Amino acid sequence: MMNFVEELRWRGMLHDIMPETEDYLLKNKTTGYIGFDPTADSLHIGSLVPIIILMHFQKAGHHPIALVGGATGMVGDPSGKSDERNLLDEETLAKNISGVKAQLTRFLNFDNDIENAAQLVNNYDWMKEISLIEFVRDVGKHITVNYMMAKDSVKKRLSSESQTGMSFTEFTYQLFQGYDFYHLYKEKNCMLQMGGSDQWGNITTGTELIRRKAQGKAYALTCKLITKADGSKFGKTAGGNVWLDAKRTSPYKFYQYWLNSSDEDAEKYIKIFTFLDKETIEKLITEHKEAPHLRILQKKIGEEVTIMTHGEEAYKNAIKASSILFGKSTAEDLKTLDEQTFLDVFDGVPQAEVKRSVIENGLEIVPAFAENGFLKSNGEVRRALKENSISVNKEKVKDDFIITTKDLIADKFVLLQRGKKSYFLLKII
RNA sequence: GGUGAGAUACUCAAGUGGCCAACGAGGGCAGACUGUAAAUCUGCUGCGCAAGCUUCGGAGGUUCGAAUCCUCCUCUCACCA
């Protein structure tokens with residue numbers, strides 16, 4: 001049997017582990033869970049780490065449970081937050097939960113035919129049954145406020161660093177999460193809770209509750225939070241979060257995110273986000289160091305993670321799109337594309353519709369960029385022109401350029417571009 | 001409830017009657033260089049081709065002239081109760 005803990009360790013994912021956990025996991029096939037917050041109707045790549053942990057867990061023969069926090073999502077976890085959270089209304093929450101559920105099924109094997117099929121639970125299902133009196137008597141009684149206050153997540157908010165203080169609601173959060181663990185321990189014989197290192201406090205409230213209320217022993221394990229070498233937040237781009245949902249973040253952009261990782265980060269990511277074995281990874285790292293400009297690591301990570309998330313087909317399209325957008329393709333190359341290929345490549349690129357007659361009459365460059373919502377104002381277009389950053393169909397143009405029918409791609413599109421990475425499509429109707 | 005401080009562009013933050021479309025920093029965008037990188041250098045960062053126009057929490061007022069002075073309002077923070 002594969003050593004799950006060792007696997008996480010050499011991949012540099014392990015942060016904190018309760019004593020005896022490794023031993024227990026080696027000797028027993030057990031059940032473990034990770035909670036996912038339904039703060040949006042899609043997970044983003046930050047959630048990929050816990051997902052991958054569950055995948056490793058399942059691979060090692062254990063039984064993974066993914067918990068969707070329908071109830072805890074209503075309370076709001078104060079960990080890592082310096083401000084009070086906004087609460088989600090029930091309708092949004094329901095939508096988010098179903099979105100998150102759908103995504104998790106892509107990564108974990110929920111097939112009941114196998115022995116250690118993954119399970120999906122929603123803590124709202126049991127939390128909704130509990131009355132306040134019940135909760136206060138049966139759960140609250142076992143945990144002292146002193147214990148709760150000692151948690152970092154709470155201390156931080158009570159200290160003078162925090163401007164807003166902390167509501168009772170958020171203070172209670174750890175009891176909710178702790179109760180989840182207790183519930184799964186009782187109902188599903190779940191012995192282990194995992195999560196990001198910021199969850200340590202919440203997780204140990206769970207093991208504490210299990211110890212006091214059920215005289216049981218449960219285990220905990222956390223993984224390192226993903227950081228980036230330049231200090232910026234992982235999983236964010238200027239355009240927002242990088243989502244797992246293809247509708248929110250196109251596979252092309254998803255792939256690009258990994259491709260643009262720094263060398264330093266790529267060495268970490270390849271261990272964390274791919275399932276390649278140690279030898280393969282070490283070989284790749286060596287190769288990469290010999291020829292860093294080839295970006296072997298980034299490409300491999302992009303390939304593995306994009307295929308895992310969006311499938312083979314989407315990955316191939318992302319590659320094709322990348323080579324057209326960033327290769328030495330010219331206006332001529334672009335014009336050889338048929339409509340379908342063109343649309344695949346530029347899937348997700350913002351676009352606007354323009355009447356054919358406008359192009360036939362000749363469209364000046366300034367209004368072409370400003371009036372369709374690509375750039376904010378005429379002034380901005382003029383500025384950009386001065387910077388020599390405006391291209392039409394991948395060719396730099398000056399302010400006297402006029403778009404005509406000869407610039408149409410597939411007789412239907414004009415590709416506008418600001419700088420190297422920012423595209424916009426005019427679609428002729 | 002009382003007292004005090006404050007609200008300036010994406011963020012922080014100067015500006016206390018004309019020299020203010022508003023110092024500076026960060027962020028963002030672009031150009032050069034490069035590996036679609038990092039670092040570095042340069043330019044831009046309210047609208048307008050321009051004349052000019054609209055901005056400094058909101059509404060009024062004083063003034064030839066207001067981000068700056070006055071009145072009221074809204075909100076935030078701190079201390080006290």
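Per chain, numbering begins at 1; letters A, B, ... match sequence-line order. Please read these numbers as outputs of a predicted model, since none were measured by experiment.
More than 12 heavy atoms of other residues, nucleotides or ligands shown are found within 6.0 angstrom of CD1 on A/I429. Around atom NZ of A/K316, no more than 12 heavy atoms belonging to other residues, nucleotides or ligands sit under 6.0 Å away.
Using a 4.0 Å cut-off, no side-chain N or O of A/K386 falls inside it from OP1 or OP2 of B/U45. Remark: A/R418 is not in phosphate contact with B/A30, judged by side-chain N or O atoms under 4.0 Å from OP1 or OP2. In this structure, A/S377 reaches the B/C47 phosphate: one of its side-chain N or O atoms is under 4.0 Å from OP1 or OP2. Close to B/C49, at under 4.0 Å from its OP1 or OP2, lies a side-chain N or O of A/R382.
A/Q417 and A/N393 share no donor-acceptor pair across their side chains, judged by distance under 3.5 Å alone. Judged by distance alone, the side chains of A/Q177 and A/T205 never bring a donor and an acceptor atom under 3.5 Å apart.
Legend: salt bridge (Lys or Arg N to Asp or Glu O under 4.0 Å) pairs involving residues 277-286 of chain A, not counting sequence neighbours, sorted by first then second residue: A/K283-A/E287.
Across all strands shown, the partner of B/G1 is B/C80, judged by Watson-Crick or G-U wobble contacts whose two distances both fall under 3.5 Å. The nucleotide B/G27 finds its pairing partner in B/U45, both defining distances of the Watson-Crick or G-U wobble pair being shorter than 3.5 Å. The base-pairing partner of B/G17, taking Watson-Crick or G-U wobble contacts with both distances under 3.5 Å, does not exist among the strands shown. Across all strands shown, B/G6 is found opposite B/C75 as a Watson-Crick or G-U wobble partner, with both distances under 3.5 Å. B/A37 is unpaired under the Watson-Crick or G-U wobble criterion, no partner having all donor-acceptor distances under 3.5 Å. Of all nucleotides present, only B/G61 satisfies the Watson-Crick or G-U wobble test against B/C69, with each distance under 3.5 Å.
To the nearest angstrom, P of B/A30 lies 13 Å from CZ of A/F369. Here the P atom of nucleotide B/C29 and the OH atom of A/Y423 are 15 Å apart, to the nearest Å. At whole-Å resolution of the value, CG in A/N388 and C1' in B/U42 are 14 Å apart. Between the OH atom of A/Y269 and the P atom of B/A37 there is a distance of 16 Å, rounded to whole Å. In this structure, A/D400 atom CG and B/C49 atom C1' are separated by 15 Å, rounded to whole Å. Between the P atom of B/G35 and the CD atom of A/E290 lies a distance of 18 Å, rounded to the nearest Å. Rounded to an integer number of Å, the gap from A/L385 CG to B/G31 P is 12 Å. The CD atom of A/E387 sits 16 Å away from the P atom of B/G28 (whole-angstrom rounding).
Considering A/Y182, A/F135, A/Y124 as possible partners of A/F176, the one that fulfils the ring pair (Phe, Tyr, Trp, His ring centres under 6.0 Å) test is A/F135. Between A/H56 and the choices A/F4, A/F273, A/F275, the ring pair (Phe, Tyr, Trp, His ring centres under 6.0 Å) rule is met once, by A/F275.
Remark: the separation of the C1' atoms in B/U8 and B/U54 is 16 Å, to the nearest Å. Comparing the same atom, P, in B/G17 and in B/A32 gives a spacing of 47 Å after rounding to whole Å. Rounded to a whole angstrom, the distance from the C1' atom of B/U16 to that of B/C23 is 15 Å. Taking the P atoms as reference points, B/G46 lies 35 Å from B/C73, given to the whole Å. Rounded to whole Å, the separation between the C1' atoms of B/C12 and B/G6 comes to 15 Å. Going from the P atom of B/G28 to that of B/C72 covers 44 Å, rounded to whole Å. Here, B/C20 and B/C56 have their C1' atoms 10 Å apart, quoted to the whole Å. Between the C1' atoms of B/G57 and B/A38, the separation comes to 42 Å (whole Å).
A/E264 comes within contact range of no nucleotide atom at all, as no heavy-atom separation falls under 4.0 Å. As judged by a 4.0 angstrom heavy-atom cut-off over every strand, A/N260 is placed among the base-contacting residues. Residue A/D263 is in base contact, counting any heavy-atom pair closer than 4.0 Å across all strands shown. Counting any heavy atom pair closer than 4.0 Å across all strands shown, A/S322 reaches a base atom. As judged by a 4.0 angstrom heavy-atom cut-off over every strand, A/L259 is placed among the base-contacting residues.
If you check distances only, the side chain of A/K376 never reaches the base of B/U45 with a donor-acceptor pair under 3.5 Å. Remark: the A/E380 side chain and the B/U45 base include no donor-acceptor N/O pair separated by less than 3.5 Å.
Side chain of A/N378, nearest nucleotide from B/C49, B/U36, B/G35: B/C49. Among the nucleotides B/A30, B/G48, B/U36, the one closest to any side-chain atom of A/R295 is B/U36. Of the candidates B/G35, B/U34, B/A30, B/G35 carries the atom nearest the A/Q298 side chain, counting heavy atoms from C-beta on. Ranking B/G35, B/C44, B/C49 by closeness to the A/R383 side chain, first place goes to B/C44. Here the nucleotide nearest the side chain of A/K420, chosen from B/C29, B/U34, B/G35, is B/U34. When distances are taken from the side chain of A/S389 to each of B/G31, B/U36, B/G43, the shortest belongs to B/G31.
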Q: For the pair A/K151 and A/T204, evaluate side chain to side chain donor-acceptor pair (under 3.5 Å) and give the outcome as yes or no after the intermediate values.
A: CA-CA 10 Å; A/K151 305 279 174 185; A/T204 51; 2.8 Å; yes
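Of the two residues near RNA chain B, A/V366 and A/K421, the one whose nearest nucleotide lies more 5' is A/K421.
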